[in-house]
S.K.: 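Here it is, the structure in full.
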Amino acid sequence: MPSESTGEGRAMESHETACILNPNDRDAMVEVTLFFADREPVGPYRVAVPARRTRHLRFNDLSEPARVPRDTDYASLLRSDVPVIVQHSRLDSRQAALALMSALAYPAGNS
């Protein structure tokens, strides 16, 4: 997650997002744990996703149990009490020519 951005406002802020889709008839309780190359994992961050809704979770906004460090490689593990579908995206706006990356959606089951 880059620490620098160009442009103004939240829409142009460099960020990484987990787009979580809950197609179920009941709310999903999702736990996110972050893993790093040079330190112990951090988490779980806990978020709710209402039934039949989506939630775009910006990693920039996560603060409990700790803020997500910028300019640091990490991987995320998501666990949910009901099956959800997760897609990861990243906006890198450090340069005027923006880069947007998105990964294919992946279903995350109970575990």
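What's counted below: heavy atoms across the whole structure, side chains too, no hydrogens, waters or symmetry copies.
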S.K.: Under the 4.5 Å side-chain heavy-atom rule for ILVMFWY, direct or indirect, which residues accompany L77?
M.R.: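 Under the 4.5 Å side-chain rule, L77 groups with F35.
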
S.K.: What distance separates Q87 CD from H56 NE2, expressed to the nearest 0.5 Å?
M.R.: 8.5 Å

S.K.: Walk me through it: do I20 and L78 pass the test side-chain contact (heavy atoms from CB on, under 4.5 Å)?
M.R.: CA-CA 10 Å; I20 306 168; L78 283 79; 4.0 Å; yes

S.K.: Which atom names give the shortest non-hydrogen contact between L34 and S76, and what distance separates them?
M.R.: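 Heavy-atom minimum between the residues: CD2-CB, 3.7 Å.
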
S.K.: Of the non-hydrogen atoms in V32 and L57, which two are nearest, and what is the gap between them?
M.R.: CG2-CD2, 4.1 Å

S.K.: Yes or no on side-chain contact (heavy atoms from CB on, under 4.5 Å) for E16 and R58, after CA distance, side-chain angles and deciding distance?
M.R.: CA-CA 6 Å; E16 294 194 5; R58 278 197 184 198; over 6 Å; no

S.K.: When R55 is tested against each of T17, V47, V30, L21 for side chain to side chain contact (heavy atoms under 4.5 Å, CB included), which residue passes?
M.R.: V47

S.K.: Apply side-chain contact (heavy atoms from CB on, under 4.5 Å) to F59 and R67, showing your working.
M.R.: CA-CA 9 Å; F59 286 86; R67 300 228 24 109; over 6 Å; no

S.K.: Can you tell me if N24 uses its side chain to pair, donor with acceptor, with the backbone of A51 under 3.5 Å?
M.R.: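 Checked: no pair found.
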
S.K.: Applying side-chain hydrogen bond (donor to acceptor under 3.5 Å, both in side chains), can you list everything that pairs with D73, at least two apart in sequence or on another chain?
M.R.: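 In terms of side-chain hydrogen bond (donor to acceptor under 3.5 Å, both in side chains), with neighbours along the sequence ignored, D73 is linked to no residue.
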
S.K.: Inspect the contact between R53 and D27 and indicate whether a charged nitrogen and a carboxylate oxygen are less than 4.0 angstrom apart.
M.R.: no

S.K.: Over all heavy atoms of both residues, which pair between P83 and N22 is shortest? Give the atoms and the distance, please.
M.R.: O-OD1, 4.3 Å

S.K.: Heavy atoms only: give me the nearest P44-P65 pair and the separation to one decimal.
M.R.: O-CD, 3.7 Å

S.K.: Quick one: side-chain hydrogen bond (donor to acceptor under 3.5 Å, both in side chains) pairs with a partner in residues 31-45, sequence neighbours left out?
M.R.: E31-R46

S.K.: Assess the residue pair F36 and V42 against the criterion (side-chain contact (heavy atoms from CB on, under 4.5 Å)); give the C-alpha distance rounded to whole Å, side-chain angles, the decisive distance to 0.1 Å, and a yes or no.
M.R.: CA-CA 9 Å; F36 304 92; V42 176; 3.7 Å; yes

